[in-house]
Every structure is written in structure tokens, then in C-alpha cells.
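Read the structure below first, then the notes.
Keep in mind the model is a prediction, meaning the values are calculated, not measured.
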Amino acid sequence: MNIFEINPYIRLAINSVLPPYTHIKRRIIFDYEIIYLEAGNFTLKYDDIAYECKAGQFILLCPSVPHSFRLGKGKISQPHIHFDMVYDINSQGIPISFKDIGEFSKEEKKLIRENIFEKYKPYPFVKFNDEDKFFDLWNKIVGNNETDYLTKKAALTEIISMLITDNFPDILSQKKENDYNVALQIKDYIDAGQGINSRLDDFEKQFSYSKFYLEREFKKLHGISLIAYRNNKKMELAAKLLKNENVTTVVEKLHFSSIYAFSRAFKKHFGLSPTEYKKQLT
């Protein structure tokens with residue numbers, strides 16, 4: 001999605017109070033949700049990491065990121081907005097989700113909105129540098145039935161602009177080509193013999209993008225998953241090493257858990273065992 005083509009659709013905008021001990025089980029939402037925690041506190045588990053949320057904080061929940069809420073003995077006031085970044089023909093028919101991804105039908109999975117913040121590591125808290133301006137806009141949207149929809153939509157568009165400027169400023173200068181540069185950098189990194197033993201978490205740390213974003217962009221550009229490409233290069237390197245090294249040494253150098261694991265992976269890739277391969281070299 002082009003960040004400069006934002007055309008939001010407000011799905012729900014309400015003042016909400018939750019009673020003590022409320023528990024919202026693990027779920028995936030189709031859309032985006034901005035919460036202003038007006039009063040109280042609760043535990044938010046976001047992408048399987050627990051965060052303690054306190055009054056005065058702003059929380060951004062993104063499509064496809066799993067999360068759950070759990071309140072303690074006090075109630076909370078949490079006015080919030082559910083919205084799409086871009087309106088499309090499905091926008092009006094999409095419900096507020098309380099289901100986890102495994103409970104979605106194939107058709108429901110197709111309704112999950114694109115997460116424009118996917119390349120950033122999931123973190124629920126955001127800031128608005130000009131809070132007076134934010135609340136002026138917020139109050140035009142949340143719980144104000146007298147404000148017409150176009151005015152609310154304009155206010156939300158400005159809030160989204162503030163959200164990006166204050167929290168994700170590099171998006172504003174980001175061009176589509178840059179997404180592909182990341183995938184090219186990883187390929188060059190692997191081709192140079194680096195990252196042969198890296199996991200997705202390691203690539204995430206190395207390139208400062210979320211592993212889900214890296215995996216998607218790599219496959220989009222190269223037509224193969226990042227880990228599958230890494231495995232192929234690892235097998236090619238194993239074949240080169242076998243020309244001068246014994247099997248045990250190759251297993252150690254490439255960090256396989258055992259000779260059996262290496263032999264199985266090698267045979268799956270080349271159609272013959274490492275020992276058979278070495279015999280062909282003589």
C-alpha cells in the first residue's frame with residue numbers, strides 16, 4: 001500500500017469501560033485499533049510478549065498480530081477506534097474479530113488488512129507529540145454522534161499522519177524499491193557465505209526488520225522462501241567442503257546436530273548420501 005494513498009474507513013469508535021477481571025482471549029483483528037487508556041491498567045500480551053498498560057498510554061494494535069487482554073481487580077476506561085487504512089469494497093462488511101487465526105475460515109483470512117508497519121518489530125505503545133491536537137481530533141471521532149462522518153474521517157486521517165510522523169518517520173521517505181533492497185541485501189549476505197546457520201530471528205536482528213516482513217519480501221522478489229534459499233546455499237557449501245573434508249568435519253563446520261541429520265538433508269537435496277557423493281568425486 002502506498003502510504004500517501006491513505007483513505008481510512010472508521011469501523012467502530014466508542015468510549016468503552018471494561019469491568020474488573022475481564023479477559024479477552026488471544027485473537028487476531030482484521031483491522032487497526034488505536035486505544036487511549038484513559039483510566040485503570042491491564043496486562044496486554046502482544047505478539048506473545050506481556051506488557052503492563054497504564055493510564056495515559058496510547059496503544060496501537062495492528063492486523064494479523066496476535067494479542068490478548070487481562071484485567072485485574074480494577075475496571076478500565078479505554079475509548080478506542082477500529083479502522084481500515086484504506087477503504088475497499090469489503091470494509092463495511094468486516095466485523096470486529098474476537099477469534100484467533102486458527103479459528104478463521106479461508107475467506108476470513110483474506111479479509112485481514114495489510115499491515116503497513118509489518119517490517120517494524122511489534123510493539124504496542126505509540127506516542128503523539130502534540131497531545132492537545134491529538135485529543136481535539138480524537139474527541140471529534142470517539143463518542144460524538146453529532147459529528148458527521150466526513151469530519152470524523154478527516155480527523156482520523158490527521159491522527160494517522162501524526163501516528164506515522166511521530167512513530168515511524170522513515171515511512172514517509174520510503175519507496176517501494178527499498179523494500180526490494182532488503183531482500184537483495186539478504187541474498188547477497190547469504191551468497192557471500194554469511195548467515196548459512198542463521199534462523200529467521202537472527203536475520204531479524206541483523207537487518208532490523210520483522211522476520212515476517214523479511215520472509216514475505218524475500219519470497220516476493222526471489223520466488224523462494226528465505227529459509228529454503230539459505231538451506232540450498234548450505235547444501236551447496238556442504239558439497240564444496242566434501243571435496244576436501246570428511247563428513248564429520250563438514251557436520252561440525254555447518255552446525256548440524258548429527259551426522260544422521262546432515263546425511264538426511266544432503267540426500268534430500270542431492271539424491272544421494274554424502275558418502276556416495278564423495279565416492280563420485282574420486
If we count only N and O atoms by modelled type, under 3.5 Å, do the side chains of [X] and [Y] hold a donor and an acceptor together?
X	Y	value
Lys234	Asn197	yes
Tyr87	Gln92	yes
Asp84	Ser91	yes

Tell me if a side-chain donor or acceptor on [X] pairs with a main-chain N or O of [Y] at a distance below 3.5 Å.
X	Y	value
Thr22	Leu18	no
Glu108	Ser105	yes
Glu103	Asp100	yes
Lys253	Thr248	no
Asn167	Lys127	yes

Next item on the list: With Arg113 as the cation and Phe30 as the aromatic partner, state whether NZ or CZ is under 6.0 Å from the six-membered ring centre and within 45° of the axis.
Entry: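 No cation-pi geometry.
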Calculate, to the nearest 0.5 Å, the distance between atoms [atom1] and [atom2] belonging to [X] and [Y] respectively.
X	Y	atom1	atom2	value
Gln194	Tyr189	CD	OH	5.0 Å
Asp47	Tyr123	CG	OH	14.0 Å
Ile190	Asn231	CD1	CG	9.5 Å
Ser77	Asn15	OG	CG	6.5 Å
Ile34	His82	CD1	NE2	11.0 Å
Asp130	Asp136	CG	CG	9.5 Å

Item checked: Partners passing ring pair (Phe, Tyr, Trp, His ring centres under 6.0 Å) against Tyr229 (at least two apart in sequence or in another chain) ->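 Checked Tyr229 against ring pair (Phe, Tyr, Trp, His ring centres under 6.0 Å); matches are Phe218.
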Item checked: ring pair (Phe, Tyr, Trp, His ring centres under 6.0 Å) against Phe69, all qualifying residues, sequence neighbours excluded ->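 Here the qualifying residues are Phe42, His67.
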Notebook entry, point to check: Can you list the steps and then say if Phe135 with Phe128 is a ring-ring contact (aromatic ring centres under 6.0 Å, His included)?
Noted result: CA-CA 10 Å; Phe135 284 117; Phe128 294 93; 8.7 Å; no
Note to self: Please list all pairs meeting salt bridge (Lys or Arg N to Asp or Glu O under 4.0 Å) that have one or both residues in residues 48-77, counting only residues at least two apart or in different chains.
What the structure shows: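 Every pair satisfying salt bridge (Lys or Arg N to Asp or Glu O under 4.0 Å) with a residue in residues 48-77: Arg26-Asp48.
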Margin query: Please tell me whether Tyr9 and Phe83 form a close aromatic pair, meaning their ring centres lie under 6.0 Å apart.
Written below: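 They do not qualify: ring centres at least 6.0 Å apart.
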Before accepting this row, confirm whether a basic side-chain N of the pair [X]/[Y] lies closer than 4.0 Å to the acidic partner's carboxylate O.
X	Y	answer
Asp202	Lys205	no
Glu118	Arg216	yes
Glu33	Arg27	yes

Atom of [X], atom of [Y] and distance for their closest heavy-atom approach:
X	Y	result
Pro274	Val247	CB-CG2, 4.0 Å
Ile29	Cys62	CG1-O, 4.0 Å
Pro79	Trp138	O-CZ2, 3.3 Å
Tyr32	Ile116	OH-N, 2.9 Å

Next item on the list: Show your working on ring-ring contact (aromatic ring centres under 6.0 Å, His included) between Phe58 and Phe125 and close with a plain yes or no.
Entry: CA-CA 6 Å; Phe58 303 100; Phe125 302 116; over 10 Å; no
Just so I know, are the side chains of [X] and [Y] near enough to count as touching, which here means a heavy-atom distance under 4.5 Å?
X	Y	value
Leu137	Met162	yes
Gln78	Glu38	no
Leu61	Asp31	no
Val17	Ile76	no
Glu114	Pro63	no
Ile141	Ile159	yes
Ile160	Pro8	yes
Leu214	Leu200	no

Next item on the list: Any chance you could lay out the salt bridge (Lys or Arg N to Asp or Glu O under 4.0 Å) test for Lys133 and Glu158, step after step, and finish with the verdict?
Entry: CA-CA 10 Å; Lys133 180 180 179 181; Glu158 197 158 355; 2.9 Å; yes
If two hydrophobic side chains count as joined below 4.5 Å and joins carry through other members, does [X] share a cluster with [Y]?
X	Y	value
Leu44	Leu60	no
Tyr36	Ile14	no
Phe168	Ile59	no
Ile101	Tyr213	no
Ile112	Val65	no

Determine all donor-acceptor pairs shorter than 3.5 Å in which one atom belongs to a side chain in residues 149-156; sequence neighbours excluded.
| residue | atom | partner | partner atom | Å |
| --- | --- | --- | --- | --- |
| Tyr149 | OH | Ile10 | N | 3.0 |
| Thr151 | OG1 | Asp148 | OD1 | 3.1 |
| Thr151 | OG1 | Asp148 | OD2 | 2.7 |
| Lys152 | NZ | Asn144 | O | 3.1 |
| Lys153 | NZ | Asn7 | OD1 | 2.5 |

Checklist line | Stepwise side chain to side chain contact (heavy atoms under 4.5 Å, CB included) check, Val182 with Glu217 | finding: CA-CA 8 Å; Val182 175; Glu217 293 303 316; 5.9 Å; no
Margin query: The test is ring-ring contact (aromatic ring centres under 6.0 Å, His included); show your working for Tyr51 and Tyr46 and say whether it passes.
Written below: CA-CA 7 Å; Tyr51 299 90; Tyr46 193 64; 7.0 Å; no
Item checked: Worked check of side chain to side chain contact (heavy atoms under 4.5 Å, CB included) between Ile81 and Val142 -> CA-CA 7 Å; Ile81 303 172; Val142 179; 3.7 Å; yes
Next item on the list: Could you walk me through whether Leu71 and Tyr21 pass side chain to side chain contact (heavy atoms under 4.5 Å, CB included), step by step?
Entry: CA-CA 5 Å; Leu71 276 65; Tyr21 304 111; 5.8 Å; no
Checklist line | Residue pairs involving residues 262-274 (criterion side chain to side chain donor-acceptor pair (under 3.5 Å); sequence neighbours excluded) | finding: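 Every side chain to side chain donor-acceptor pair (under 3.5 Å) pair that includes a residue of residues 262-274, provided the two are not neighbours, is Ser273-Glu276.
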Item checked: Phe117 vs Ile164, side chain to side chain contact (heavy atoms under 4.5 Å, CB included): CA-CA, chis, key distance, verdict -> CA-CA 9 Å; Phe117 307 117; Ile164 293 170; 4.2 Å; yes
Next item on the list: With sequence neighbours left out, write down each residue that passes side chain to side chain donor-acceptor pair (under 3.5 Å) with Lys121, or none if nothing qualifies.
Entry: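 Listed in chain order: nothing, the list is empty.
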Note to self: For Lys219, is the NZ atom crowded, meaning more than 12 foreign heavy atoms sit under 6.0 Å from it?
What the structure shows: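 Check fails, neighbour count at 12 or below.
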